[in-house]
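Following: one structure in structure tokens, then a few remarks.
Atoms considered below: every heavy atom in the structure, side chains included; atoms not considered: hydrogens, waters and symmetry mates.
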Amino acid sequence: MTEAAAGSDARTQELGTRLAAVHQRIATAASAAGRQEDLPTLIVVTKFHPAEDIKRLSALGVTDVGENRDQEASAKALELAEYGITWHFVGQLQSKKAKSVLRYAAAVHSVDRPQLVDALARAAEVERGNTGRAALRCFIQVSLEDDAGAHRGGAVPEDVLPLAERIATSAGLELAGVMAVAPLGVPPEAAFEKLAGVSARLVAEHPAAAAISAGMSQDLEAAIAFGATHLRIGSDILGSRPPVG
């Protein structure tokens, strides 16, 4: 697909319309929260969608892209190296994949255990030595479920500060803040209020770690109301996932 085609085909027009609608939702929610000058970063989650769609999104002004499977993300990052995209890894991450993720990701939003911190730190040290890359931004994923049976991943709130200290004292890692996914089947406001409280306790100990990665297609307004600095939006921009072979 040529650059000209990227800006004129029907799929680009569809993505542009969807992207504009999401930007409008963000602006409206930010205005309602008194945050007109403090818009969150939009991360478009492109899992299962082809690299061609990311090229189209780049032509539409998208700079931040999220992926949740290393094999898929690393292939896309290699193919799209010339596009200047900032890659965010947003899915559950196995420690053995740390080295691969460090080759392309600027941030990992799902740090949830000491073993992963240590694996990322080791990989970051190697990459810094080989390429001089910037520190990896690490968001601590926080579990907001009260019912352990509904657990969607993440560290329990009382484990956040010890994890934060481990990240903050690891060369090659930068403590960015917290991340969470709202529990299924309940209004998200209470969950995001809880996350804001966890963030406040973290910032009291680590003032620079003020980022909050929260909010997806269905609940971005609630996330913005409770201070989200990064939104992870997939389906409302890209539509339904294509069939996976």
Side-chain angles (χ1 to χ4, degrees), residues 29-30 33-35 37-43 45 64 66 68 86 88-93 95 98 101-102 105-124 134-148 150-183 186 188-216 219-232:
R35 297 180 53 187
E37 306 302 320
D38 179 31
L39 295 179
T41 297
L42 173 61
I43 301 167
V45 180
D64 292 79
N68 75 340
T86 298
H88 300 254
F89 192 85
V90 300
Q92 294 299 298
L93 180 59
S95 296
V101 168
L102 258 293
V108 171
H109 290 240
S110 50
V111 180
D112 60 358
R113 59 196 187 280
Q115 297 90 334
L116 181 55
V117 174
D118 295 346
L120 290 170
R122 289 192 297 270
L136 177 73
R137 286 173 56 79
C138 295
F139 292 75
I140 298 173
Q141 184 175 354
V142 183
S143 173
L144 300 178
E145 289 89 349
D146 294 322
D147 178 4
H151 190 61
R152 299 185 73 186
V156 294
E158 53 265 33
D159 287 343
V160 168
L161 288 181
L163 272 177
E165 185 65 23
R166 202 177 191 105
I167 294 167
T169 56
S170 295
L173 304 183
E174 176 188 343
L175 178 61
V178 294
M179 177 274 242
V181 179
V186 297
E189 287 80 6
F192 290 144
E193 183 177 18
K194 182 177 180 179
L195 182 64
V198 174
S199 174
R201 292 190 291 275
L202 175 63
V203 170
E205 298 291 333
H206 300 274
I212 300 176
S213 174
M216 301 193 297
D219 55 24
L220 70 84
E221 287 85 0
I224 290 172
F226 286 98
T229 63
H230 294 70
L231 305 170
R232 310 179 309 275

* To do: Using the side chain to side chain donor-acceptor pair (under 3.5 Å) rule, pick out the option among His109, His230, Gln141 that qualifies with Ser213.
  => His109
* With distance as the sole test, does Asp159 use its side chain to make a donor-acceptor pair with the main-chain N or O of Val156 at under 3.5 Å? -> no
* To do: Report yes or no: does Arg35 contribute a side-chain atom to a donor-acceptor pair with the main-chain N or O of Ile224 at less than 3.5 Å?
  => yes
* Asked: How about Phe139 and His88: are their ring centroids closer than 6.0 Å?
  -> no
* Might you work through the side-chain contact (heavy atoms from CB on, under 4.5 Å) test for Ile43 and Leu231, ending with a clear yes or no? => CA-CA 6 Å; Ile43 301 167; Leu231 305 170; over 6 Å; no
Would you call [X] and [Y] a side-chain contact if the rule is heavy atoms closer than 4.5 Å?
X	Y	answer
Val181	Met216	yes
Thr229	Thr41	no
Arg137	Leu173	no
Leu42	Asp64	no
Ser110	Val90	no
Leu161	Glu205	yes

Working to the nearest 0.5 Å, report the span between [atom1] of [X] and [atom2] of [Y].
X	Y	atom1	atom2	value
Asp112	Met179	CG	CE	9.0 Å
Cys138	Leu116	SG	CG	8.0 Å
Leu120	Leu93	CG	CG	6.0 Å

* **Pair Asp118 + Arg166: basic N to acidic O under 4.0 Å** => yes
* Asked: Shortest non-hydrogen contact from Ala223 to Gly215?
  -> CB-CA, 3.5 Å
